[in-house]
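Read the structure below first, then the notes.
Lettering of chains follows the sequences in order, A, B, ..., and the numbering in each one begins at 1.
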Number of protein chains: 2
Amino acid sequence: MDAYNYIKEAIILGKFEPGMRLGEETLAKELNLSRTPIREAIKQLEAEGLVVPLKRGVGVRHFTKEDIREIYDLRSLLESYAAGQAAINRTEADLIELETANQLYEKEIFDTHRDPNSIRNIVRVNSRFHDTVVSAAKNKHLYFHISKVVVVPMVFRSFYWYTDFQLQQSLEVHKIIFEAIKNKEPERARIAMHEHIFQGRDNVLKHLDDSTISHLFKEEA
Amino acid sequence: MDAYNYIKEAIILGKFEPGMRLGEETLAKELNLSRTPIREAIKQLEAEGLVVPLKRGVGVRHFTKEDIREIYDLRSLLESYAAGQAAINRTEADLIELETANQLYEKEIFDTHRDPNSIRNIVRVNSRFHDTVVSAAKNKHLYFHISKVVVVPMVFRSFYWYTDFQLQQSLEVHKIIFEAIKNKEPERARIAMHEHIFQGRDNVLKHLDDSTISHLFKEEA
DNA sequence: TATTGACTTATTGTATACAAAGACAGTAAA
DNA sequence: TTTACTGTCTTTGTATACAATAAGTCAATA
(Lines give C-alpha, C1' and ligand atoms only; values in the text may rest on other atoms or scores of the structure.)
Protein backbone atom coordinates (compact mmCIF):
# COMPACT_ATOMS: atom_id res chain seq x y z
CA MET A 1 0.00 0.00 0.00
CA ASP A 2 1.26 3.47 -0.78
CA ALA A 3 1.95 6.09 1.87
CA TYR A 4 -1.18 8.11 1.09
CA ASN A 5 -3.60 5.26 1.62
CA TYR A 6 -1.68 3.87 4.56
CA ILE A 7 -1.88 7.13 6.49
CA LYS A 8 -5.45 7.80 5.43
CA GLU A 9 -6.63 4.40 6.58
CA ALA A 10 -4.74 4.69 9.83
CA ILE A 11 -6.54 7.97 10.53
CA ILE A 12 -9.98 6.63 9.58
CA LEU A 13 -9.54 3.47 11.62
CA GLY A 14 -8.31 5.47 14.58
CA LYS A 15 -4.81 4.03 14.69
CA PHE A 16 -3.56 7.59 14.42
CA GLU A 17 -5.66 9.55 16.88
CA PRO A 18 -6.71 13.18 16.48
CA GLY A 19 -4.03 15.60 17.55
CA MET A 20 -1.27 13.04 17.03
CA ARG A 21 1.71 14.52 15.31
CA LEU A 22 2.84 12.82 12.09
CA GLY A 23 6.62 12.90 11.93
CA GLU A 24 8.09 12.29 8.51
CA GLU A 25 11.02 10.21 9.68
CA THR A 26 8.79 8.00 11.83
CA LEU A 27 6.37 7.30 8.99
CA ALA A 28 9.25 6.72 6.60
CA LYS A 29 10.65 3.99 8.83
CA GLU A 30 7.19 2.51 9.39
CA LEU A 31 6.69 2.15 5.65
CA ASN A 32 10.28 1.41 4.66
CA LEU A 33 10.40 4.46 2.48
CA SER A 34 12.37 7.68 2.36
CA ARG A 35 10.87 10.98 3.46
CA THR A 36 10.15 12.17 -0.08
CA PRO A 37 7.07 10.03 -0.83
CA ILE A 38 5.85 10.56 2.75
CA ARG A 39 5.94 14.30 2.30
CA GLU A 40 3.92 14.04 -0.89
CA ALA A 41 1.27 11.91 0.78
CA ILE A 42 1.03 14.41 3.63
CA LYS A 43 0.60 17.30 1.20
CA GLN A 44 -2.35 15.50 -0.39
CA LEU A 45 -3.97 14.72 2.94
CA GLU A 46 -3.48 18.34 3.93
CA ALA A 47 -5.25 19.49 0.77
CA GLU A 48 -8.15 17.22 1.74
CA GLY A 49 -8.20 18.60 5.26
CA LEU A 50 -7.55 15.32 7.02
CA VAL A 51 -4.32 16.57 8.57
CA VAL A 52 -3.57 20.09 9.71
CA PRO A 53 -0.42 22.09 10.43
CA LEU A 54 0.98 21.29 13.86
CA LYS A 55 4.29 22.48 15.26
CA ARG A 56 6.26 22.84 12.03
CA GLY A 57 4.77 19.71 10.51
CA VAL A 58 1.32 18.17 10.58
CA GLY A 59 -0.97 16.30 12.92
CA VAL A 60 -4.22 14.37 12.60
CA ARG A 61 -7.12 16.78 12.54
CA HIS A 62 -9.61 16.61 15.35
CA PHE A 63 -13.25 17.42 14.87
CA THR A 64 -15.31 19.45 17.27
CA LYS A 65 -19.05 19.00 17.74
CA GLU A 66 -19.44 22.05 15.57
CA ASP A 67 -17.39 20.35 12.83
CA ILE A 68 -19.61 17.28 13.01
CA ARG A 69 -22.72 19.38 12.72
CA GLU A 70 -21.33 21.28 9.77
CA ILE A 71 -20.13 18.18 7.99
CA TYR A 72 -23.45 16.40 8.36
CA ASP A 73 -25.33 19.48 7.16
CA LEU A 74 -23.12 19.57 4.11
CA ARG A 75 -23.29 15.86 3.49
CA SER A 76 -27.04 15.93 3.81
CA LEU A 77 -27.30 18.76 1.29
CA LEU A 78 -25.08 16.99 -1.23
CA GLU A 79 -26.33 13.45 -0.83
CA SER A 80 -30.02 14.30 -0.81
CA TYR A 81 -29.45 16.28 -4.00
CA ALA A 82 -27.63 13.24 -5.38
CA ALA A 83 -30.56 10.98 -4.46
CA GLY A 84 -32.93 13.29 -6.30
CA GLN A 85 -30.73 13.34 -9.37
CA ALA A 86 -30.30 9.58 -9.17
CA ALA A 87 -34.09 9.22 -9.39
CA ILE A 88 -33.87 11.10 -12.69
CA ASN A 89 -30.69 9.72 -14.24
CA ARG A 90 -30.32 6.17 -12.90
CA THR A 91 -29.79 3.30 -15.32
CA GLU A 92 -30.97 -0.28 -14.98
CA ALA A 93 -27.44 -1.25 -13.99
CA ASP A 94 -27.58 1.27 -11.14
CA LEU A 95 -30.80 -0.31 -9.85
CA ILE A 96 -29.22 -3.77 -9.85
CA GLU A 97 -26.18 -2.49 -7.98
CA LEU A 98 -28.35 -0.66 -5.44
CA GLU A 99 -30.39 -3.77 -4.78
CA THR A 100 -27.26 -5.89 -4.43
CA ALA A 101 -25.76 -3.44 -1.93
CA ASN A 102 -28.93 -3.49 0.14
CA GLN A 103 -29.13 -7.29 0.12
CA LEU A 104 -25.55 -7.48 1.36
CA TYR A 105 -26.35 -4.82 3.94
CA GLU A 106 -29.31 -6.86 5.18
CA LYS A 107 -27.14 -9.96 5.39
CA GLU A 108 -24.41 -8.21 7.34
CA ILE A 109 -26.89 -6.73 9.81
CA PHE A 110 -28.42 -10.11 10.58
CA ASP A 111 -25.10 -11.92 10.85
CA THR A 112 -23.32 -9.26 12.87
CA HIS A 113 -21.45 -10.11 16.03
CA ARG A 114 -20.73 -6.44 16.64
CA ASP A 115 -16.99 -7.01 16.67
CA PRO A 116 -14.66 -4.57 14.87
CA ASN A 117 -14.46 -6.84 11.85
CA SER A 118 -18.21 -7.10 11.54
CA ILE A 119 -18.60 -3.34 11.92
CA ARG A 120 -16.11 -2.87 9.12
CA ASN A 121 -18.21 -5.07 6.88
CA ILE A 122 -21.34 -3.14 7.72
CA VAL A 123 -19.56 0.12 6.98
CA ARG A 124 -18.36 -1.29 3.69
CA VAL A 125 -21.76 -2.39 2.36
CA ASN A 126 -23.45 0.73 3.69
CA SER A 127 -20.87 2.82 1.85
CA ARG A 128 -21.47 0.74 -1.25
CA PHE A 129 -25.16 1.69 -1.24
CA HIS A 130 -24.51 5.39 -0.66
CA ASP A 131 -21.74 5.38 -3.22
CA THR A 132 -24.04 3.86 -5.82
CA VAL A 133 -26.74 6.44 -5.19
CA VAL A 134 -24.23 9.24 -5.73
CA SER A 135 -22.82 7.50 -8.76
CA ALA A 136 -26.32 7.11 -10.24
CA ALA A 137 -26.76 10.89 -10.09
CA LYS A 138 -24.32 11.08 -13.01
CA ASN A 139 -22.37 14.09 -11.88
CA LYS A 140 -18.66 13.32 -11.54
CA HIS A 141 -17.89 16.54 -9.70
CA LEU A 142 -20.66 15.95 -7.21
CA TYR A 143 -19.24 12.47 -6.68
CA PHE A 144 -15.76 13.83 -6.15
CA HIS A 145 -16.80 16.34 -3.53
CA ILE A 146 -19.11 14.00 -1.64
CA SER A 147 -16.29 11.49 -1.35
CA LYS A 148 -14.18 14.19 0.33
CA VAL A 149 -16.96 15.22 2.70
CA VAL A 150 -17.75 11.69 3.76
CA VAL A 151 -14.21 10.53 4.39
CA VAL A 152 -14.02 11.57 7.97
CA PRO A 153 -13.03 9.24 10.81
CA MET A 154 -16.41 9.91 12.35
CA VAL A 155 -18.34 7.96 9.78
CA PHE A 156 -16.46 4.80 10.57
CA ARG A 157 -16.89 4.98 14.31
CA SER A 158 -20.54 5.98 14.27
CA PHE A 159 -21.63 2.45 13.45
CA TYR A 160 -20.48 1.24 16.84
CA TRP A 161 -23.30 3.21 18.35
CA TYR A 162 -26.15 1.80 16.30
CA THR A 163 -28.51 -0.51 18.15
CA ASP A 164 -29.91 -3.53 16.33
CA PHE A 165 -33.14 -1.64 15.92
CA GLN A 166 -31.38 1.37 14.45
CA LEU A 167 -29.50 -0.79 11.98
CA GLN A 168 -32.79 -2.38 10.95
CA GLN A 169 -34.38 1.03 10.63
CA SER A 170 -31.46 2.22 8.54
CA LEU A 171 -31.98 -0.69 6.16
CA GLU A 172 -35.66 0.16 5.81
CA VAL A 173 -34.83 3.72 4.79
CA HIS A 174 -32.32 2.37 2.25
CA LYS A 175 -35.18 0.37 0.75
CA ILE A 176 -37.43 3.44 0.59
CA ILE A 177 -34.67 5.39 -1.14
CA PHE A 178 -34.18 2.53 -3.55
CA GLU A 179 -37.90 2.39 -4.39
CA ALA A 180 -38.04 6.13 -4.95
CA ILE A 181 -35.04 6.01 -7.28
CA LYS A 182 -36.47 3.01 -9.11
CA ASN A 183 -39.87 4.68 -9.57
CA LYS A 184 -38.27 7.97 -10.64
CA GLU A 185 -39.59 10.01 -7.72
CA PRO A 186 -36.87 12.63 -7.09
CA GLU A 187 -38.60 14.47 -4.28
CA ARG A 188 -39.31 11.30 -2.33
CA ALA A 189 -35.73 10.09 -2.80
CA ARG A 190 -34.34 13.45 -1.78
CA ILE A 191 -36.42 13.73 1.37
CA ALA A 192 -35.78 10.14 2.42
CA MET A 193 -32.04 10.59 2.04
CA HIS A 194 -32.15 13.83 3.96
CA GLU A 195 -33.97 12.16 6.86
CA HIS A 196 -31.60 9.21 6.71
CA ILE A 197 -28.48 11.30 7.05
CA PHE A 198 -29.95 13.47 9.78
CA GLN A 199 -30.75 10.35 11.75
CA GLY A 200 -27.09 9.40 11.49
CA ARG A 201 -26.12 12.90 12.53
CA ASP A 202 -28.35 12.86 15.60
CA ASN A 203 -27.00 9.50 16.59
CA VAL A 204 -23.43 10.73 16.41
CA LEU A 205 -24.08 13.99 18.27
CA LYS A 206 -25.95 12.12 20.99
CA HIS A 207 -22.87 9.98 21.70
CA LEU A 208 -20.28 12.73 21.60
CA ASP A 209 -20.37 13.14 25.37
CA ASP A 210 -19.79 9.44 25.84
CA SER A 211 -16.65 8.99 27.92
CA THR A 212 -15.30 6.10 25.83
CA ILE A 213 -14.78 8.31 22.81
CA SER A 214 -14.51 11.78 24.23
CA HIS A 215 -10.74 11.71 23.93
CA LEU A 216 -11.18 11.52 20.17
CA PHE A 217 -12.69 14.96 20.08
CA LYS A 218 -11.61 18.37 21.05
CA GLU A 219 -14.04 20.51 22.91
CA GLU A 220 -15.29 23.62 21.19
CA ALA A 221 -13.66 26.88 22.16
CA MET B 1 5.23 33.27 -4.43
CA ASP B 2 5.38 29.58 -3.67
CA ALA B 3 5.15 26.88 -6.29
CA TYR B 4 1.58 25.92 -5.45
CA ASN B 5 0.14 29.39 -5.93
CA TYR B 6 2.32 30.12 -8.93
CA ILE B 7 1.08 27.08 -10.83
CA LYS B 8 -2.49 27.55 -9.68
CA GLU B 9 -2.59 31.16 -10.82
CA ALA B 10 -0.96 30.29 -14.13
CA ILE B 11 -3.71 27.74 -14.75
CA ILE B 12 -6.54 30.07 -13.74
CA LEU B 13 -5.20 32.95 -15.81
CA GLY B 14 -4.72 30.68 -18.78
CA LYS B 15 -0.94 30.96 -18.99
CA PHE B 16 -0.86 27.18 -18.73
CA GLU B 17 -3.51 25.98 -21.14
CA PRO B 18 -5.63 22.85 -20.67
CA GLY B 19 -3.86 19.72 -21.79
CA MET B 20 -0.44 21.29 -21.37
CA ARG B 21 1.98 18.96 -19.70
CA LEU B 22 3.66 20.23 -16.53
CA GLY B 23 7.24 19.00 -16.45
CA GLU B 24 8.91 19.11 -13.07
CA GLU B 25 12.32 20.17 -14.32
CA THR B 26 10.83 22.98 -16.42
CA LEU B 27 8.81 24.37 -13.54
CA ALA B 28 11.79 24.04 -11.22
CA LYS B 29 13.92 26.21 -13.50
CA GLU B 30 11.07 28.69 -13.98
CA LEU B 31 10.80 29.17 -10.23
CA ASN B 32 14.47 28.75 -9.32
CA LEU B 33 13.69 25.79 -7.12
CA SER B 34 14.56 22.13 -7.03
CA ARG B 35 12.08 19.46 -8.09
CA THR B 36 11.10 18.55 -4.53
CA PRO B 37 8.87 21.55 -3.72
CA ILE B 38 7.46 21.43 -7.27
CA ARG B 39 6.36 17.83 -6.80
CA GLU B 40 4.63 18.71 -3.55
CA ALA B 41 2.74 21.57 -5.19
CA ILE B 42 1.67 19.27 -8.01
CA LYS B 43 0.39 16.65 -5.55
CA GLN B 44 -1.79 19.26 -3.91
CA LEU B 45 -3.17 20.52 -7.21
CA GLU B 46 -3.86 16.93 -8.19
CA ALA B 47 -5.82 16.38 -4.98
CA GLU B 48 -7.90 19.42 -5.88
CA GLY B 49 -8.47 18.14 -9.39
CA LEU B 50 -6.87 21.07 -11.19
CA VAL B 51 -4.23 18.89 -12.80
CA VAL B 52 -4.63 15.30 -13.94
CA PRO B 53 -2.27 12.41 -14.74
CA LEU B 54 -0.81 12.76 -18.20
CA LYS B 55 1.94 10.62 -19.68
CA ARG B 56 3.79 9.63 -16.51
CA GLY B 57 3.39 13.07 -14.97
CA VAL B 58 0.60 15.60 -14.95
CA GLY B 59 -1.05 18.10 -17.25
CA VAL B 60 -3.55 20.93 -16.85
CA ARG B 61 -7.05 19.56 -16.70
CA HIS B 62 -9.43 20.49 -19.45
CA PHE B 63 -13.13 20.86 -18.87
CA THR B 64 -15.77 19.59 -21.22
CA LYS B 65 -19.20 21.17 -21.62
CA GLU B 66 -20.47 18.38 -19.42
CA ASP B 67 -17.93 19.35 -16.73
CA ILE B 68 -19.08 22.96 -16.87
CA ARG B 69 -22.71 21.94 -16.50
CA GLU B 70 -21.88 19.68 -13.57
CA ILE B 71 -19.73 22.27 -11.83
CA TYR B 72 -22.35 24.99 -12.14
CA ASP B 73 -25.06 22.64 -10.88
CA LEU B 74 -22.92 21.84 -7.88
CA ARG B 75 -21.91 25.42 -7.27
CA SER B 76 -25.51 26.52 -7.51
CA LEU B 77 -26.57 23.91 -4.96
CA LEU B 78 -23.86 24.89 -2.50
CA GLU B 79 -23.94 28.64 -2.89
CA SER B 80 -27.70 28.98 -2.82
CA TYR B 81 -27.70 26.93 0.38
CA ALA B 82 -24.99 29.24 1.69
CA ALA B 83 -27.07 32.29 0.83
CA GLY B 84 -30.01 30.83 2.74
CA GLN B 85 -27.85 30.09 5.76
CA ALA B 86 -26.29 33.54 5.53
CA ALA B 87 -29.77 35.05 5.85
CA ILE B 88 -30.05 33.20 9.13
CA ASN B 89 -26.56 33.51 10.59
CA ARG B 90 -25.16 36.78 9.22
CA THR B 91 -23.68 39.33 11.62
CA GLU B 92 -23.69 43.10 11.28
CA ALA B 93 -20.06 42.93 10.20
CA ASP B 94 -21.07 40.59 7.37
CA LEU B 95 -23.64 43.08 6.16
CA ILE B 96 -21.08 45.88 6.09
CA GLU B 97 -18.64 43.72 4.16
CA LEU B 98 -21.34 42.66 1.67
CA GLU B 99 -22.33 46.26 1.06
CA THR B 100 -18.71 47.30 0.61
CA ALA B 101 -18.13 44.53 -1.91
CA ASN B 102 -21.17 45.57 -3.90
CA GLN B 103 -20.19 49.21 -3.89
CA LEU B 104 -16.77 48.31 -5.24
CA TYR B 105 -18.41 46.03 -7.76
CA GLU B 106 -20.62 48.89 -8.94
CA LYS B 107 -17.62 51.16 -9.22
CA GLU B 108 -15.61 48.65 -11.24
CA ILE B 109 -18.50 48.02 -13.62
CA PHE B 110 -18.94 51.71 -14.37
CA ASP B 111 -15.23 52.41 -14.75
CA THR B 112 -14.40 49.34 -16.79
CA HIS B 113 -12.46 49.57 -20.01
CA ARG B 114 -12.92 45.86 -20.63
CA ASP B 115 -9.19 45.24 -20.74
CA PRO B 116 -7.67 42.20 -18.97
CA ASN B 117 -6.71 44.27 -15.97
CA SER B 118 -10.19 45.70 -15.57
CA ILE B 119 -11.72 42.24 -15.93
CA ARG B 120 -9.42 41.01 -13.17
CA ASN B 121 -10.68 43.75 -10.90
CA ILE B 122 -14.29 42.88 -11.65
CA VAL B 123 -13.57 39.22 -10.95
CA ARG B 124 -11.91 40.19 -7.69
CA VAL B 125 -14.75 42.28 -6.29
CA ASN B 126 -17.38 39.85 -7.55
CA SER B 127 -15.52 37.05 -5.75
CA ARG B 128 -15.36 39.20 -2.67
CA PHE B 129 -19.16 39.45 -2.57
CA HIS B 130 -19.71 35.73 -3.15
CA ASP B 131 -17.00 34.88 -0.67
CA THR B 132 -18.63 37.01 1.98
CA VAL B 133 -22.02 35.41 1.43
CA VAL B 134 -20.51 31.97 1.94
CA SER B 135 -18.53 33.17 4.91
CA ALA B 136 -21.70 34.63 6.48
CA ALA B 137 -23.31 31.18 6.37
CA LYS B 138 -20.97 30.25 9.23
CA ASN B 139 -20.08 26.78 8.05
CA LYS B 140 -16.33 26.34 7.62
CA HIS B 141 -16.65 23.04 5.80
CA LEU B 142 -19.17 24.48 3.36
CA TYR B 143 -16.75 27.34 2.77
CA PHE B 144 -13.86 24.96 2.17
CA HIS B 145 -15.71 22.91 -0.41
CA ILE B 146 -17.22 25.86 -2.25
CA SER B 147 -13.79 27.37 -2.63
CA LYS B 148 -12.65 24.15 -4.33
CA VAL B 149 -15.67 24.04 -6.65
CA VAL B 150 -15.37 27.66 -7.69
CA VAL B 151 -11.65 27.68 -8.39
CA VAL B 152 -11.90 26.66 -11.98
CA PRO B 153 -10.31 28.57 -14.83
CA MET B 154 -13.77 28.97 -16.32
CA VAL B 155 -14.95 31.45 -13.73
CA PHE B 156 -12.19 33.85 -14.59
CA ARG B 157 -12.75 33.82 -18.31
CA SER B 158 -16.51 33.99 -18.17
CA PHE B 159 -16.45 37.68 -17.35
CA TYR B 160 -15.06 38.49 -20.76
CA TRP B 161 -18.40 37.49 -22.20
CA TYR B 162 -20.61 39.70 -20.10
CA THR B 163 -22.18 42.65 -21.88
CA ASP B 164 -22.52 45.95 -20.04
CA PHE B 165 -26.18 45.15 -19.55
CA GLN B 166 -25.40 41.74 -18.10
CA LEU B 167 -22.86 43.21 -15.68
CA GLN B 168 -25.47 45.73 -14.60
CA GLN B 169 -28.03 42.97 -14.21
CA SER B 170 -25.56 40.93 -12.18
CA LEU B 171 -25.09 43.85 -9.81
CA GLU B 172 -28.85 44.20 -9.38
CA VAL B 173 -29.13 40.55 -8.35
CA HIS B 174 -26.27 41.05 -5.88
CA LYS B 175 -28.32 43.84 -4.34
CA ILE B 176 -31.40 41.63 -4.10
CA ILE B 177 -29.34 38.90 -2.41
CA PHE B 178 -27.92 41.47 -0.03
CA GLU B 179 -31.37 42.75 0.89
CA ALA B 180 -32.67 39.24 1.49
CA ILE B 181 -29.72 38.40 3.74
CA LYS B 182 -30.09 41.71 5.56
CA ASN B 183 -33.83 41.18 6.13
CA LYS B 184 -33.32 37.55 7.18
CA GLU B 185 -35.29 36.03 4.31
CA PRO B 186 -33.51 32.69 3.64
CA GLU B 187 -35.81 31.49 0.86
CA ARG B 188 -35.55 34.73 -1.07
CA ALA B 189 -31.77 34.77 -0.71
CA ARG B 190 -31.53 31.13 -1.75
CA ILE B 191 -33.66 31.53 -4.85
CA ALA B 192 -31.96 34.76 -5.93
CA MET B 193 -28.53 33.14 -5.63
CA HIS B 194 -29.71 30.11 -7.55
CA GLU B 195 -31.00 32.28 -10.40
CA HIS B 196 -27.83 34.35 -10.32
CA ILE B 197 -25.52 31.39 -10.74
CA PHE B 198 -27.66 29.79 -13.41
CA GLN B 199 -27.50 33.01 -15.38
CA GLY B 200 -23.72 32.77 -15.22
CA ARG B 201 -23.93 29.16 -16.26
CA ASP B 202 -26.11 29.89 -19.27
CA ASN B 203 -23.80 32.66 -20.31
CA VAL B 204 -20.77 30.37 -20.21
CA LEU B 205 -22.46 27.51 -22.03
CA LYS B 206 -23.71 29.86 -24.73
CA HIS B 207 -20.15 30.93 -25.51
CA LEU B 208 -18.53 27.52 -25.45
CA ASP B 209 -18.81 27.15 -29.23
CA ASP B 210 -17.09 30.48 -29.72
CA SER B 211 -14.01 29.92 -31.85
CA THR B 212 -11.78 32.22 -29.80
CA ILE B 213 -11.95 29.99 -26.78
CA SER B 214 -12.81 26.61 -28.19
CA HIS B 215 -9.19 25.50 -27.98
CA LEU B 216 -9.45 25.81 -24.22
CA PHE B 217 -11.96 23.01 -24.09
CA LYS B 218 -11.99 19.42 -25.08
CA GLU B 219 -15.03 18.14 -26.86
CA GLU B 220 -17.10 15.57 -25.04
CA ALA B 221 -16.51 11.97 -26.03
C1' DT C 1 8.29 30.33 41.57
C1' DA C 2 7.94 32.38 37.21
C1' DT C 3 10.26 34.27 33.34
C1' DT C 4 13.75 35.25 30.28
C1' DG C 5 17.65 34.02 27.68
C1' DA C 6 21.12 31.38 25.36
C1' DC C 7 22.17 26.81 23.93
C1' DT C 8 21.29 22.23 22.18
C1' DT C 9 18.66 19.09 19.62
C1' DA C 10 15.26 17.36 16.66
C1' DT C 11 12.70 17.96 12.54
C1' DT C 12 11.46 20.10 8.48
C1' DG C 13 12.74 22.46 3.85
C1' DT C 14 15.53 22.10 -0.13
C1' DA C 15 18.88 20.34 -3.34
C1' DT C 16 20.94 16.70 -5.69
C1' DA C 17 22.23 12.08 -7.21
C1' DC C 18 20.93 7.80 -8.82
C1' DA C 19 17.57 4.19 -10.27
C1' DA C 20 13.56 2.92 -12.88
C1' DA C 21 10.36 3.19 -16.31
C1' DG C 22 7.76 5.25 -19.96
C1' DA C 23 8.04 7.86 -24.23
C1' DC C 24 10.11 8.41 -28.62
C1' DA C 25 12.58 7.64 -32.86
C1' DG C 26 14.41 4.88 -36.20
C1' DT C 27 14.53 0.56 -38.51
C1' DA C 28 12.96 -3.67 -40.45
C1' DA C 29 9.40 -6.71 -41.85
C1' DA C 30 4.60 -7.57 -43.43
C1' DT D 1 2.05 2.40 -45.74
C1' DT D 2 1.47 0.38 -41.53
C1' DT D 3 2.94 -2.27 -37.73
C1' DA D 4 6.09 -4.22 -34.60
C1' DC D 5 10.43 -4.13 -32.43
C1' DT D 6 14.50 -2.36 -30.24
C1' DG D 7 17.54 0.72 -28.33
C1' DT D 8 18.12 5.46 -26.71
C1' DC D 9 16.71 9.13 -24.17
C1' DT D 10 13.96 11.94 -21.44
C1' DT D 11 11.43 12.34 -17.23
C1' DT D 12 9.68 10.68 -13.11
C1' DG D 13 10.28 7.96 -8.48
C1' DT D 14 13.13 7.44 -4.58
C1' DA D 15 16.93 8.02 -1.46
C1' DT D 16 20.08 10.81 0.84
C1' DA D 17 22.80 14.78 2.28
C1' DC D 18 22.90 19.28 3.89
C1' DA D 19 20.89 23.76 5.41
C1' DA D 20 17.58 26.24 8.03
C1' DT D 21 14.66 26.83 11.76
C1' DA D 22 11.52 25.81 15.19
C1' DA D 23 11.14 23.31 19.54
C1' DG D 24 12.78 21.87 23.75
C1' DT D 25 16.14 22.35 27.75
C1' DC D 26 18.35 24.25 31.40
C1' DA D 27 20.26 27.72 34.00
C1' DA D 28 20.32 32.46 35.63
C1' DT D 29 17.77 36.27 37.33
C1' DA D 30 13.86 38.82 39.11
Between protein and nucleotides 23-25 of chain C, what N or O pairs are separated by less than 3.5 Å?
| unit_1 | atom_1 | unit_2 | atom_2 | d |
| --- | --- | --- | --- | --- |
| C:dC24 | OP1 | B:Lys55 | NZ | 3.4 |

Estimate the overall bend of the helix from C:dT1-D:dA30 to C:dA30-D:dT1 from the end axes over five pairs each, rounded to 10 degrees.
30°
Residues in side-chain hydrogen bond (donor to acceptor under 3.5 Å, both in side chains) with A:Tyr6, at least two apart?
A:Lys15, A:Glu30
Strictly under 3.5 Å: I want the nitrogen or oxygen pairs between protein and nucleotides 15-19 of chain D, one per line.
| unit_1 | atom_1 | unit_2 | atom_2 | d |
| --- | --- | --- | --- | --- |
| D:dA15 | OP2 | A:Ser34 | N | 2.5 |
| D:dA15 | OP2 | A:Ser34 | OG | 2.9 |
| D:dA15 | N7 | A:Thr36 | OG1 | 2.9 |
| D:dT16 | O4 | A:Thr36 | OG1 | 3.4 |

Sorted by chain and residue number, the salt bridge (Lys or Arg N to Asp or Glu O under 4.0 Å) partners of B:Asp111 (sequence neighbours excluded) come out as B:Lys107
Does C:dG13 have OP1 or OP2 sitting under 4.0 Å from an N or O in the side chain of A:Arg39?
yes
For DNA chain D, the residues among residues 21-31 of chain A that have a non-hydrogen atom under 4.0 Å from it
none
List for me each residue that meets salt bridge (Lys or Arg N to Asp or Glu O under 4.0 Å) alongside A:Lys148, sequence neighbours excluded, and say none if there are none.
A:Glu48
My understanding is that only residues two or more places apart in sequence, or in another chain, count here; which of them pass side-chain hydrogen bond (donor to acceptor under 3.5 Å, both in side chains) with A:Asp73?
A:Arg201
Separation of B:Asn126 CG from B:Asn102 CG (nearest 0.5 Å)
9.0 Å
Residues passing the side-chain hydrogen bond (donor to acceptor under 3.5 Å, both in side chains) test with A:Asp131, sequence neighbours excluded, are A:Tyr143
Rounded to whole angstroms, how far apart are CD1 on B:Ile38 and C1' on D:dT11?
15 Å
Which pairs pass salt bridge (charged side-chain N to carboxylate O under 4.0 Å, His left out) with one or both residues in residues 132-144 of chain B, sequence neighbours excluded?
A:Glu70-B:Lys140, B:Asp94-B:Lys138
Partners passing side-chain hydrogen bond (donor to acceptor under 3.5 Å, both in side chains) against A:Glu40 (at least two apart in sequence or in another chain)
B:Arg39
Return each pair, listed once, that meets ring pair (Phe, Tyr, Trp, His ring centres under 6.0 Å) where at least one residue sits in residues 87-107 of chain B; pairs must be two or more places apart or across chains.
B:Tyr105-B:His174
